[in-house]
**Q** 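The structure under discussion is supplied below as structure tokens; questions concerning it will follow.
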There are 2 protein chains.
Amino acid sequence: MPPLKTDRIYQGDCVEVLAGLPAQSVDVVFADPPYNLQLGGELLRPNNSRVDGVDDAWDRFAGFADYDAFTRAWLAACHRVLKDTGTLWVIGTYHNIFRVGTALQDLGFWVLNDVIWRKTNPMPNFRGTRFTNAHETLVWCAKGPEARYTFNYEAMKALNEGLQMRSDWSLPLCTGGERLKDDGGQKLHPTQKPEALLHRVVLASTNPGDVILDPFLGSGTSAAVAKRLGRRWIGIERDPDYIAAARARVAAVQTVDDPTLLATPRKRAEPRIPFGAVVERGLLPPGTVLTDSGGRWTAKVRADGTLISAEHRGSIHQVGAAVQGAPACNGWTFWHMQTEGTEGLVPIDLLRQRLRQEMVDQGEAPADPAPLPTGGRGGSRSGRGPRRGTRGSAAATLH
Amino acid sequence: MPPLKTDRIYQGDCVEVLAGLPAQSVDVVFADPPYNLQLGGELLRPNNSRVDGVDDAWDRFAGFADYDAFTRAWLAACHRVLKDTGTLWVIGTYHNIFRVGTALQDLGFWVLNDVIWRKTNPMPNFRGTRFTNAHETLVWCAKGPEARYTFNYEAMKALNEGLQMRSDWSLPLCTGGERLKDDGGQKLHPTQKPEALLHRVVLASTNPGDVILDPFLGSGTSAAVAKRLGRRWIGIERDPDYIAAARARVAAVQTVDDPTLLATPRKRAEPRIPFGAVVERGLLPPGTVLTDSGGRWTAKVRADGTLISAEHRGSIHQVGAAVQGAPACNGWTFWHMQTEGTEGLVPIDLLRQRLRQEMVDQGEAPADPAPLPTGGRGGSRSGRGPRRGTRGSAAATLH
DNA sequence: AGAGCTGCTGAATCAGTGG
DNA sequence: ACCACTGATTCAGCAGCTC
């Protein structure tokens, strides 16, 4: 078997190409396999425009058995070329990720984390039939339960403003200038991943000079990020058009010698706190009667976080405005609740303040600080106290 | 098979208890199964031969095989007792969720969403060897790809202050006063789930009066929330201590008894009004000219409740689609009429709203048909039997 | 220049009823 | 079973244009 050649794209089926590579020679595999979406007919948006769904031949399988066989084949081939200290990442959705996770566990891989890519700008559910599919799942695993592996704890902590990096990452989709286009101005690849996602993967699980292999290279995101961060890379791809585009893309990338100079774009919107959360968390049971400060109007809290009065129904703001005949109303300060103590009637904004305080106390704010709907909570991290001391080496090899 | 008895806890192994319940009798299953891969006698064993760790690979295979057999057994039992319009929720982590997801797909369940419970206050990773494990995964599925199911889209949207509910939910762990303690002040159950999580599950996928079954009841969170929200419930649990605690817990729960506080009005469930009824009632005389909001297209109202334009003839929807060259069109919101007042051009949907209001005032149809306590109808998408106010009956009562 | 508006798009398993 | 018809349904970000 010849020595490993890196920084190149191999054309062909990944199982066949992998068979030609030396065993135990790769530090990290990042795989974005076909998801087996099983889409039905066409889907229209409310404005009657058509959703450009994934209908490529490479995503069509005869059934779960077919997909499972495909999955086990490429996972086994990756297991062979991985060093014993190597790790493997796979990204997917509920269409395929359970099959992938089961297959890699059966093959002996040892799951270290499942990581959620929380999309800040997902496509909505146009028909109102399900929850907005707003995330994808990455599985990160070592070659076995006893295997050592690389995890750059300090780099991840630094990337998260001094707090441990969590298993949920909020990042936007790959859009705008980063999205590769073909000659006609159409998207070159239907599932191009954002570089910020790969930035985090590469920084977390590899060291400079390590070899990252991507068996489904596509538009070349993993190779581009690997090169930028001073890692070596290997891509495998079947489609000559994708290969040409990826080659040009990677060629244009400049390697940055000092990765600490690179900051991941911090576009991570934190989930808002709607009034429904106050109800859901039991701070205000359904059926509670709210009044305005003068006791002139009343409304009842419903289980879905809306209010209902004698004549109106809607959000705390809508009902507050409606009963007054006003064009607008801040429901948080308009509506009051009766307390047992000496305070008597207090605005429900008190509950929101309490919820925010809990978030600060419990470290809810950290990972992705962003202003709340009204009156941001910037700078609230001061109450969190001193951090633990640093851990040994930044790029530790762990057991 | 005896009829289903609800609002009670059955003691025993869930597969055996489920076998004694009638088929197709449950609306929703919520399951929080054990994921202890050590198989400490708690799980079903298809073969009693336990191999002591002579060979890691074999041991691992035996472990997963046993867990898979256990998973398939209880999932199949749940599939049988579920109504064809029912859905199933399972919660887990990367230790078991891939096995569960694969098993339920193999059994024919159709995944609707995987939902991420993003913990606002997770346990940190003290050794700094991995990402903070800050989430759990729920899988929500119907009995098959063609099955109808209940999803209270509007209630979820209201709970999120007007935005579609996403597949990632940020909620704190169950701590503080909500956490059940034993006599010694220790936590009663190791994995007690927060009520806020179940609140969202129940509100999203059931209607008042529906039956929710939990095959691994534990501390009784699902039963407590089901009772509070006016749903019926069935719990199965093996441990007598957990059962005793859950019984006491549920007994202390007060049901929100006002149905208007529990149900969110659903647009799709409103009585249908044929456009012909608007004409028939004289709200829009034959010959009236309608236009789109931009004044680009016009059409005339005919006595039979159809429209006629320069080139097209048909229903308000058909002509609206035809003039635009669109595949579909909601004629109620597309076509506008000129008013004499200050409002100018208004959509003809205003007439439909006026007609519906008249029907309410005259007792012809309910404004907000409350779901029957027995759960026979009212599912937003469950289609279990005829609805009130269908097109036919509305027309019949109108004239 | 900058604010504001329109239009487009993203791994999507996306309807319900009656004849 | 198929077929026809009604009519309900979207969030964030970016590019390009107008005022």
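Hydrogens, waters and symmetry mates play no part in the numbers below; they use all other heavy atoms, side chains included. Letters go in sequence order (proteins before strands), and every chain restarts at 1.
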**Q** Apply the syn/anti split at 90° from 0 to D/dT10 and say which one it is.
**A** anti
**Q** State plainly whether the residues A/K119 and A/E136 are in salt-bridge range, i.e. N to O under 4.0 Å.
**A** yes
**Q** A/I116 has an atom CD1; how far is it from atom C1' of C/dA11, in whole Å?
**A** 15 Å
**Q** Considering only side-chain heavy atoms of A/E136, which listed nucleotide, D/dA8, C/dA12, C/dA11, is closest?
**A** C/dA11
**Q** Is there a side-chain contact (heavy atoms from CB on, under 4.5 Å) between A/Y94 and B/L112? Walk through the geometry before answering.
**A** CA-CA 9 Å; A/Y94 65 83; B/L112 299 168; over 6 Å; no
**Q** When you measure from every atom of DNA chain C, which of residues 182-192 of chain A have a heavy atom less than 4.0 Å away?
**A** A/K187, A/P190, A/T191
**Q** Please tell me whether A/Q38 and A/Y67 have a donor and an acceptor in their side chains that are separated by less than 3.5 angstrom.
**A** no
**Q** Is the phosphate of C/dA15 approached by B/Y149 (side-chain N or O, under 4.0 Å from OP1 or OP2)?
**A** no
**Q** Taking DNA chain D as the partner, which of residues 315-333 of chain B come within under 4.0 angstrom of it by heavy atom?
**A** B/S315, B/H317, B/Q318, B/A328, B/C329, B/N330, B/W332
**Q** With heavy-atom distances below 4.5 Å as the criterion, would you say the side chains of A/I236 and A/L217 are in contact?
**A** no
**Q** Which part of the nucleic acid, if any, lies within reach of A/N125 when heavy atoms closer than 4.0 Å are counted: base, sugar-phosphate only, or nothing?
**A** base
**Q** Can you tell me how far P of C/dA11 sits from CG of A/L171, to the nearest Å?
**A** 13 Å
**Q** Going from CG on B/N160 to CZ on B/R166, what distance comes out if it is rounded to the nearest 0.5 angstrom?
**A** 9.0 Å
**Q** Roughly how far apart, to the nearest Å, are D/dT10 and C/dC8 at atom C1'?
**A** 13 Å
**Q** Between B/R272 and D/dT6, is there a contact of a side-chain N or O with OP1 or OP2 at under 4.0 Å?
**A** no
**Q** Of the candidate nucleotides C/dA11, C/dA12, D/dT9, which contains the atom at the shortest distance from the side chain of B/E154?
**A** D/dT9
**Q** Check side-chain hydrogen bond (donor to acceptor under 3.5 Å, both in side chains) between A/T132 and all other residues, then give those that pass, not counting sequence neighbours.
**A** B/Q164
**Q** Take atom C1' in D/dC19 and the same atom in C/dA1, then report the distance between them in whole Å.
**A** 12 Å
**Q** How many whole angstroms separate atom CZ of B/R266 from atom P of D/dA8?
**A** 14 Å
**Q** Write down the distance between NZ (B/K143) and P (C/dT13), rounded to a whole number of angstrom.
**A** 23 Å
**Q** The side chain of B/K267 is closest to which nucleotide in this list: C/dA11, D/dT9, D/dT10?
**A** D/dT9
**Q** Counting any heavy atom closer than 4.0 Å, what does B/L163 reach on the DNA or RNA strands: base, sugar-phosphate only, or nothing?
**A** sugar-phosphate
**Q** Nearest heavy atom decides the nucleotide; on that basis, is A/R45 or A/H95 closer to the 5' end of DNA chain C?
**A** A/R45
**Q** Within this structure, what is the CG-to-C1' distance between A/N133 and C/dT13, rounded to whole angstrom?
**A** 9 Å
**Q** Atom CG in A/L188, atom CG in A/L180: separation rounded to 0.5 Å?
**A** 5.5 Å
**Q** Within the 3.5 Å criterion, strictly below it, is a donor on B/S167 or A/R118 matched to an acceptor on the partner's side chain?
**A** no
**Q** For a quick check of understanding: with a heavy-atom distance under 4.0 Å over all strands, which category does A/K193 fall into, base, sugar-phosphate or nothing?
**A** base
**Q** So B/G314, base contact, sugar-phosphate only, or nothing? Heavy-atom distance under 4.0 Å.
**A** nothing
**Q** Figure out the CG/P separation between A/N48 and C/dC8, and round it to whole Å.
**A** 13 Å
**Q** What integer distance in Å separates A/L173:CG from D/dA12:P?
**A** 12 Å
**Q** When you compare D/dG13 with C/dT13, how far apart are their C1' atoms, in angstrom units rounded to a whole number?
**A** 26 Å
**Q** For atom NZ of B/K300, is the number of surrounding heavy atoms from other residues, nucleotides or ligands below 6.0 Å larger than 12?
**A** no
**Q** Which is true for B/P145 with a 4.0 Å heavy-atom rule: it touches a base, it touches only sugar-phosphate, or it touches nothing?
**A** nothing
**Q** Looking at C/dT13, does its base get a donor-acceptor pair with the side chain of A/R130 below 3.5 Å?
**A** yes
**Q** D/dG7 and C/dC14: how far apart are their C1' atoms, nearest whole angstrom?
**A** 15 Å
**Q** Near DNA chain C, which residues from residues 57-68 of chain A have a heavy atom under 4.0 Å away?
**A** A/W58, A/D59
**Q** Does a salt bridge link A/R249 with A/E195, judged by any charged N lying under 4.0 Å from a carboxylate O?
**A** yes
**Q** Using a strict 4.0 Å threshold on nitrogen-to-oxygen distance, state whether A/D304 and B/K157 make a salt bridge.
**A** no
**Q** Between B/R166 and D/dT10, is there a side-chain N or O to OP1/OP2 distance below 4.0 Å?
**A** no
**Q** With P as the reference atom in both, quote the distance from C/dA11 to D/dT9 in angstrom, rounded to an integer.
**A** 25 Å
**Q** My understanding is that only one of B/W140, B/Y149, B/W89 makes a side chain to side chain donor-acceptor pair (under 3.5 Å) with B/S205; could you say which?
**A** B/W89
**Q** How does DNA chain C look in dot-bracket form if you count Watson-Crick and G-U pairs under 3.5 Å, write [ ] for pairs that cross, and put | where a base pairs with another strand?
**A** .|||||||||....|||||
**Q** Quick one: A/D52 CG to C/dG10 C1', roughly how many Å, whole number?
**A** 9 Å
**Q** Answer yes if the side chains of A/T93 and A/H95 hold a donor-acceptor pair under 3.5 Å, and no otherwise.
**A** yes
**Q** Name the residue closer to the 5' end of DNA chain C, choosing between A/D32 and A/F126 according to the nucleotide with the nearest heavy atom.
**A** A/D32
**Q** Looking at side-chain heavy atoms only, is the closest gap between A/W169 and A/I116 below 4.5 Å?
**A** no
**Q** To the side chain of A/Y94, which of D/dT9, C/dT13, C/dA12 is closest?
**A** C/dT13
**Q** State plainly whether the residues B/K143 and B/D84 are in salt-bridge range, i.e. N to O under 4.0 Å.
**A** yes
**Q** Mark yes when over 12 heavy atoms from residues, nucleotides or ligands other than B/R302 sit less than 6.0 Å from its CZ; otherwise mark no.
**A** yes
**Q** Heavy atoms only, 4.0 Å cut-off, all strands: where does B/R352 land among base, sugar-phosphate and nothing?
**A** sugar-phosphate
**Q** At under 4.0 Å between heavy atoms, what does A/P33 touch on the DNA or RNA strands: base, sugar-phosphate, or nothing?
**A** base
**Q** With sequence neighbours left out, which residue pairs that include part of residues 104-115 of chain B fulfil the side chain to side chain donor-acceptor pair (under 3.5 Å) condition?
**A** A/R99-B/Q105, A/R99-B/D106, A/H135-B/D114, B/R72-B/D106
